[in-house]
Peer 1: 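Okay, handing you the structure first.
Each chain gets a letter, A, B and so on, in the order the sequences are listed, and its residues count up from 1.
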Number of protein chains: 2
Amino acid sequence: MDLKDYLKKKGLKLTKQREKIITHFLNKDKHFSAEELYNAMKKRMPGVGYATVYRTLNLLVRAGLATKISFGENITRFEPLHRNEHHDHMVCIGCGKIVEFKHPKIERLQKEVARRYNFYTQSHALELYGYCKKCRKKNISKEKK
Amino acid sequence: MDLKDYLKKKGLKLTKQREKIITHFLNKDKHFSAEELYNAMKKRMPGVGYATVYRTLNLLVRAGLATKISFGENITRFEPLHRNEHHDHMVCIGCGKIVEFKHPKIERLQKEVARRYNFYTQSHALELYGYCKKCRKKNISKEKK
DNA sequence: ATTTAATTGAAAATGAAAATCAATATCAAC
DNA sequence: GTTGATATTGATTTTCATTTTCAATTAAAT
Ligand SMILES: [Mn+2]
Ligand SMILES: [Mn+2]
Ligand SMILES: [Zn+2]
Ligand SMILES: [Zn+2]
């Protein structure tokens with residue numbers, strides 16, 4: 001964990017709640033919303049406050065250990081960055097399932113477009129919205145009724 | 001305008017404010033936020049209410065003449081759909097400028113990935129965040145100071 | 001012109017996220 | 001280990017974007 005380095009550098013403290021929230025967040029490989037993470041933490045730390053979860057999540061972003069992402073809902077989600085492998089997302093609008101994928105060729109073509117427009121890209125977001133295999137099947141059987 | 005068809009079909013009415021808001025929105029080729037459009041309309045229709053702008057924008061989405069998009073800010077933007085040509089976006093995080101681009105090859109590769117994962121794509125979002133040429137220059141000259 | 005239902009603007013309500021603040025916990029210095 | 005400065009906590013309030021409510025107004029079909 002080079003979180004400790006960050007905290008020391010900034011004169012911040014490692015509290016019990018931070019430790020537990022961060023451990024939970026970084027271990028589960030999910031795209032947590034603040035609410036989801038809060039609910040998960042309540043079970044292990046009944047006293048936690050909502051605000052602490054928000055604060056910790058933002059701390060992780062500042063420390064470079066997480067990023068904010070949004071999947072078309074009007075809520076912010078957070079994604080651990082410790083694996084540090086860039087990827088994009090497929091989001092099932094039926095069940096909410098999120099599938100990660102990599103596609104180097106697409107990445108390359110994105111750079112190409114940017115260059116064409118004299119645009120200096122810092123980050124990008126690519127999301128496919130649709131139905132996963134399961135939800136697709138469900139939809140088809142519904143339509144038949 | 002096949003907006004009138006939609007209104008008739010749904011038993012809705014074409015009011016003065018709707019007419020003006022919609023005309024303004026569809027003519028300017030911008031990615032309006034509700035607030036921006038409200039401010040633009042206030043000048044032409046001092047009495048308009050904020051709620052009416054929101055309602056009209058949502059009406060356009062329901063009618064299939066606009067879509068909601070979000071560019072990483074925590075506000076919703078609306079994009080006219082009348083040209084009906086799909087495109088993706090480059091967003092300048094310096095000046096807010098939005099550049100539209102098309103890249104059929106990227107689109108094709110997206111479909112390919114989806115197929116690979118048995119994912120049935122309904123829509124997608126691809127946004128490049130970075131600096132436009134102008135803002136790039138500004139940044140460089142700042143760094144030198 | 002009459003009637004009916006949709007629409008409007010103002011204000012209140014909502015929901016996610018951030019800010020406030022008094023009480024508490026961390027941790028570096030002793 | 002104790003102390004003390006200061007960062008953090010949880011509860012609460014505030015903010016901000018968006019939606020809802022509601023009484024008054026307006027569109028448009030008859
Ligand atoms: Mn991911
Ligand atoms: Mn556009
Ligand atoms: Zn699904
Ligand atoms: Zn710019």
Side-chain angles (χ1 to χ4, degrees), chain A residues 1 3-25 31-63 66-78, chain B residues 1 3-25 31-63 66-78:
Chain A
M1 254 204 234
L3 169 69
K4 285 181 178 164
D5 301 338
Y6 179 82
L7 294 176
K8 209 153 283 174
K9 190 169 61 187
K10 295 282 183 180
L12 305 178
K13 294 167 181 173
L14 182 56
T15 62
K16 282 176 196 168
Q17 24 282 75
R18 274 185 185 167
E19 200 164 8
K20 288 200 176 179
I21 293 171
I22 292 173
T23 301
H24 191 86
F25 174 73
H31 302 82
F32 276 108
S33 68
E35 189 187 11
E36 285 168 0
L37 184 54
Y38 170 69
N39 288 328
M41 295 317 296
K42 250 195 323 195
K43 294 175 189 165
R44 304 158 186 272
M45 256 198 299
V48 232
Y50 227 116
T52 301
V53 174
Y54 270 105
R55 286 186 285 233
T56 304
L57 250 6
N58 284 322
L59 171 67
L60 284 173
V61 173
R62 270 178 263 125
T67 38
K68 298 188 178 194
I69 36 173
S70 181
F71 292 137
E73 317 149 296
N74 53 345
I75 58 169
T76 302
R77 292 184 173 276
F78 295 81
Chain B
M1 253 202 233
L3 168 70
K4 284 181 179 164
D5 300 339
Y6 179 81
L7 294 176
K8 209 153 284 175
K9 190 169 60 187
K10 295 283 183 179
L12 307 177
K13 294 169 181 173
L14 182 55
T15 62
K16 282 176 195 169
Q17 23 283 73
R18 274 185 186 168
E19 200 164 8
K20 289 198 175 181
I21 293 171
I22 292 174
T23 300
H24 191 87
F25 174 73
H31 302 82
F32 277 109
S33 67
E35 189 187 10
E36 286 168 358
L37 184 53
Y38 170 70
N39 289 328
M41 295 316 297
K42 249 196 321 197
K43 294 176 190 166
R44 304 156 187 274
M45 256 199 298
V48 230
Y50 228 117
T52 301
V53 173
Y54 269 104
R55 285 186 284 233
T56 304
L57 249 6
N58 284 323
L59 171 67
L60 283 173
V61 172
R62 269 178 264 122
T67 39
K68 299 188 176 192
I69 37 174
S70 181
F71 292 137
E73 316 148 296
N74 54 344
I75 58 170
T76 301
R77 292 184 173 277
F78 295 82

Peer 1: B/Y38 has an atom OH; how far is it from atom P of D/dT19, in whole Å?
Peer 2: 16 Å
Peer 1: Return no unless some side-chain N or O of B/Y54 is found under 4.0 Å from OP1 or OP2 of D/dT18.
Peer 2: yes
Peer 1: Do A/E35 and A/I75 have side chains that get closer than 4.5 Å, going by heavy atoms?
Peer 2: no
Peer 1: Side-chain polar contacts of residues 8-18 of chain A - donor-acceptor pairs under 3.5 angstrom, sequence neighbours left out - could you list them?
Peer 2:
{"residue": "A/T15", "atom": "OG1", "partner": "A/R18", "partner atom": "N", "Å": "3.2"}
{"residue": "A/R18", "atom": "NH1", "partner": "A/K13", "partner atom": "O", "Å": "2.8"}

Peer 1: Starting at OG1 of B/T67, measure out to NE2 of B/H31 and round the result to the nearest 0.5 Å.
Peer 2: 8.5 Å
Peer 1: Both A/A51 and A/L59 contact DNA chain D. Which one's nearest nucleotide lies toward the 5' end?
Peer 2: A/L59
Peer 1: So does B/K16 reach the base of D/dT26 with its side chain, donor to acceptor, closer than 3.5 Å?
Peer 2: no
Peer 1: Would you kindly give the NZ-to-P distance between A/K42 and D/dA11, to the nearest whole Å?
Peer 2: 11 Å
Peer 1: Which is more 5' along DNA chain D, the nucleotide nearest A/K10 or the one nearest A/G47? Just name the residue.
Peer 2: A/K10
Peer 1: For side chain to side chain contact (heavy atoms under 4.5 Å, CB included), just list the numbers for B/F32 and B/R77, CA-CA rounded to whole Å, side-chain angles, deciding distance to a tenth of an Å, and then say yes or no.
Peer 2: CA-CA 5 Å; B/F32 277 109; B/R77 292 184 173 277; 5.8 Å; no
Peer 1: NA contact type, A/K68, heavy-atom cut-off 4.0 Å: base, sugar-phosphate, or nothing?
Peer 2: sugar-phosphate
Peer 1: Take the C1' atoms of the five end pairs on each side of the helix from C/dA1-D/dT30 to C/dC30-D/dG1, derive the two axes, and give their angle rounded to 10 degrees.
Peer 2: 30°
Peer 1: Phosphate oxygens OP1/OP2 of D/dT9: is one of them under 4.0 Å from a side-chain N or O of A/T15?
Peer 2: yes
Peer 1: Calculate the interatomic distance between A/L12 atom CG and D/dT9 atom C1'; express it in whole Å.
Peer 2: 14 Å
Peer 1: For B/T76 and D/dT18, is the shortest distance between a side-chain N/O and OP1 or OP2 below 4.0 Å?
Peer 2: yes
Peer 1: Of all nucleotides in DNA chain C that come within under 4.0 Å of a heavy atom of chain B, which is furthest toward the 5' end and which toward the 3' end?
Peer 2: C/dA5 to C/dA10
Peer 1: Between D/dT6 atom C1' and A/L7 atom CG, what is the distance in whole Å?
Peer 2: 15 Å
Peer 1: Nearest heavy-atom pair of A/L57 and A/A34: which atoms, and what distance?
Peer 2: CD2-CA, 4.0 Å
Peer 1: Give, for atom CE of A/M41 and atom CZ of A/F25, the distance between the pair rounded to the nearest 0.5 Å.
Peer 2: 12.0 Å
Peer 1: Figure out the CD1/P separation between A/I22 and D/dT8, and round it to whole Å.
Peer 2: 11 Å
Peer 1: Considering only D/dA5, D/dG10, D/dA17, which nucleotide approaches the side chain of A/R55 most closely?
Peer 2: D/dG10
Peer 1: For A/E35, which contact category applies under a 4.0 Å heavy-atom criterion: base, sugar-phosphate, or nothing?
Peer 2: nothing
Peer 1: Round to a whole Å and report the spacing from CG of B/L14 to C1' of D/dT26.
Peer 2: 12 Å
Peer 1: Before giving the answer on side chain to side chain contact (heavy atoms under 4.5 Å, CB included), spell out for B/V48 and B/I21 the whole-Å C-alpha distance, their side-chain angles and the decisive distance to 0.1 Å.
Peer 2: CA-CA 10 Å; B/V48 230; B/I21 293 171; 4.2 Å; yes
Peer 1: In the structure I gave you, are the side-chain heavy atoms of B/L59 and B/L7 within less than 4.5 Å of one another anywhere?
Peer 2: yes
Peer 1: Could you state the NZ-P distance from A/K8 to D/dT6, rounded to the nearest angstrom?
Peer 2: 19 Å
Peer 1: Rounding to a whole Å, what distance do you find between B/F32:CZ and D/dA17:P?
Peer 2: 17 Å
Peer 1: Report the distance from atom CZ of A/F71 to atom OG of A/S33, rounding to the nearest 0.5 Å.
Peer 2: 11.5 Å
Peer 1: Between OG1 of B/T56 and OH of B/Y38, what distance do you get to the nearest 0.5 Å?
Peer 2: 13.0 Å
Peer 1: When you measure from the side-chain N and O atoms of A/Q17 to the phosphate of D/dG10, is any distance below 4.0 Å, counting only OP1 and OP2?
Peer 2: yes
